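Below is one structure, written out as structure tokens, with a few remarks after it.
For clarity, every value in this text was computed on a predicted model and none was experimentally measured. Each ligand, and each atom within it, is numbered from 1 in the order the structure gives.
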Amino acid sequence: MAKKRGPKIRRIAINTGGGDAPGLNAVIRAVVHSAYNHGWEIVGIRDGYNGIFTPEQFPDGGLVPLTRETVRGITHLGGTIIGTTNRGNPLKYPTLMPDGTMAEVDRTDDLVRALAEHSIDAVVAVGGDGSLTIANALAKKGVRIVGVPKTIDNDLSRTVVTFGFDTAVSFATECLDRLHSTAEAHRRVMVVEVMGRYAGWIALNAGISGTADAILLPEIPYDLGSVAAKIRQRAGAGRNFAIVVVAEGAKPKGGAHAVIEKRLGALERLGGAAERVAAVLAETTGRETRHVVLGHLLRGGTPTTFDRLLSLRFGSAAVRALAEGRSGVMVALDPPTVRYVPLAQATKRMKTVPLDCDTVRTARELGICLGD
Ligand code: F6P
């Protein structure tokens, strides 16, 4: 979106929305320090936009003043000091209708009004696809807003990588290393589930790095017959154990991914992918099989150096963008630099794993079964 200098910025807000990712606090710290250099006041909106919609929920108020003191010593901490949520999407806000039913209602006009009432001149929105789609809608309604791409799933377009991804992959790889020894000791098949709803980046990168024997991605519907054949082939060569990595969004050929629940105003919750793969493999190979769900462990803990630096760069760049009069853009990594891309482009299409990319080819060339 074109640069357009609006009225002078005095007060900005930052929020973190969607599932947390290591590096959120580093972004907050960079935003606060950079904004201070411009003499701006900064507030954090609690839990996405809930601090504005339902401030009574928060004993200390829905808006938290952020100063250089409040962000001291948080760069290396997981989580987010202002909280986050993947409920209460202002575009699909769960609302009680006059007929007593609940429905998803677009509350962005209320939000735009509330931001003005709180004298918030601009917003830094840190989030994934959902949060940045909201940011794009707000930008279209005239809110000065810059997005920062976050998600451990790495499924946002127009940035080489999102922060949080490197930490998630590193931890998943460490877990695979640990699981190898117990799998080998017991001669078992270990089925390991990692996050990744619709994109298999974590499964693919950790699976290759952690020398998995099979990797099942949402992008490649699987046939467990080929995974069972791989396990038998290994056994024939004297390797009596196997590691199978499954993205939570992986699905069988002709089937659907495993959903636990779908609530109003929230994305569907996935779960059970590894369990169902393990059950079939135990049955078809006759091998003792265990499954492990790494799940939210991948979202916790200290960001890697890569993610810390990326988060700090993204946070500073977001403030730079606002100071330059930009709005409706997302900060994006385009090595060696950080650029700005229109939010509309970044949120148009999910970045899934291209089946002809070199990483997929590497997996195949290393003999890893991809379930097809
Ligand atoms: O958005 C990242 C993500 O980690 C997905 O891979 C996963 O499905 C989702 O969050 C789970 O989020 P929660 O359990 O917090 O609703």
Exercise for the section: Using a cut-off of 6.0 Å, state whether more than 12 heavy atoms not belonging to Lys253 lie near its atom NZ. Expected result: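 Counting neighbours around NZ of Lys253, more than 12 heavy atoms of other residues, nucleotides or ligands fall under 6.0 Å, so yes.
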Practice task
Could you point out which residue of Thr305, Asn154, Thr304 forms a side chain to side chain donor-acceptor pair (under 3.5 Å) with Asp166?
Solution key: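 One option only clears the test, and that one is Thr304.
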Problem - Glu104 side chain vs Tyr93 backbone, donor-acceptor pair below 3.5 Å - result: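 No, Glu104 side chain to Tyr93 backbone: no donor-acceptor pair under 3.5 Å.
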Problem - Phe163 backbone acceptor or donor facing Asp307 side chain under 3.5 Å - result: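 Pair absent, no side-chain N/O of Asp307 close to backbone of Phe163.
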Practice task
Using a strict 4.0 Å threshold on nitrogen-to-oxygen distance, state whether Asp109 and Lys141 make a salt bridge.
Solution key: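 Yes.
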Using a strict cut-off of 4.0 Å, indicate which atoms of ligand 1 neighbour a heavy atom of [X].
{"X": "His296", "result": "13 (P), 14 (O), 15 (O)"}
{"X": "Gly196", "result": "6 (O)"}
{"X": "Arg197", "result": "5 (C), 6 (O), 7 (C), 8 (O), 9 (C)"}
{"X": "Glu248", "result": "5 (C), 6 (O), 7 (C), 8 (O)"}

Practice task
Give a yes/no verdict on whether any heavy atom in Asp153 is under 4.0 Å from an atom of ligand 1.
Solution key: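 Yes, Asp153 has heavy atoms under 4.0 Å from ligand 1.
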Can you report which non-hydrogen protein atom sits closest to [atom], along with the distance?
{"atom": "atom 4 (O) of ligand 1", "value": "Met195 SD, 2.7 Å"}
{"atom": "atom 16 (O) of ligand 1", "value": "Asn86 ND2, 3.0 Å"}
{"atom": "atom 10 (O) of ligand 1", "value": "Arg299 NH1, 2.9 Å"}

Practice task
Report yes or no: do Ile215 and Val189 belong to one cluster of Ile/Leu/Val/Met/Phe/Trp/Tyr joined by side chain heavy-atom distances under 4.5 Å?
Solution key: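 No, because Ile215 and Val189 fall into different hydrophobic clusters, even though each may have its own neighbours under 4.5 Å.
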Practice task
Give the cluster check for Val246 versus Ile220: same hydrophobic cluster or not, with ILVMFWY residues linked at side-chain heavy-atom distances below 4.5 Å.
Solution key: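 Cluster IDs for Val246 and Ile220 differ.
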Practice task
With heavy atoms under 4.0 Å as the rule, classify the contact between Leu298 and ligand 1 as side chain, backbone, both or neither.
Solution key: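 Near ligand 1, Leu298 shows nothing, with every heavy atom at 4.0 Å or more.
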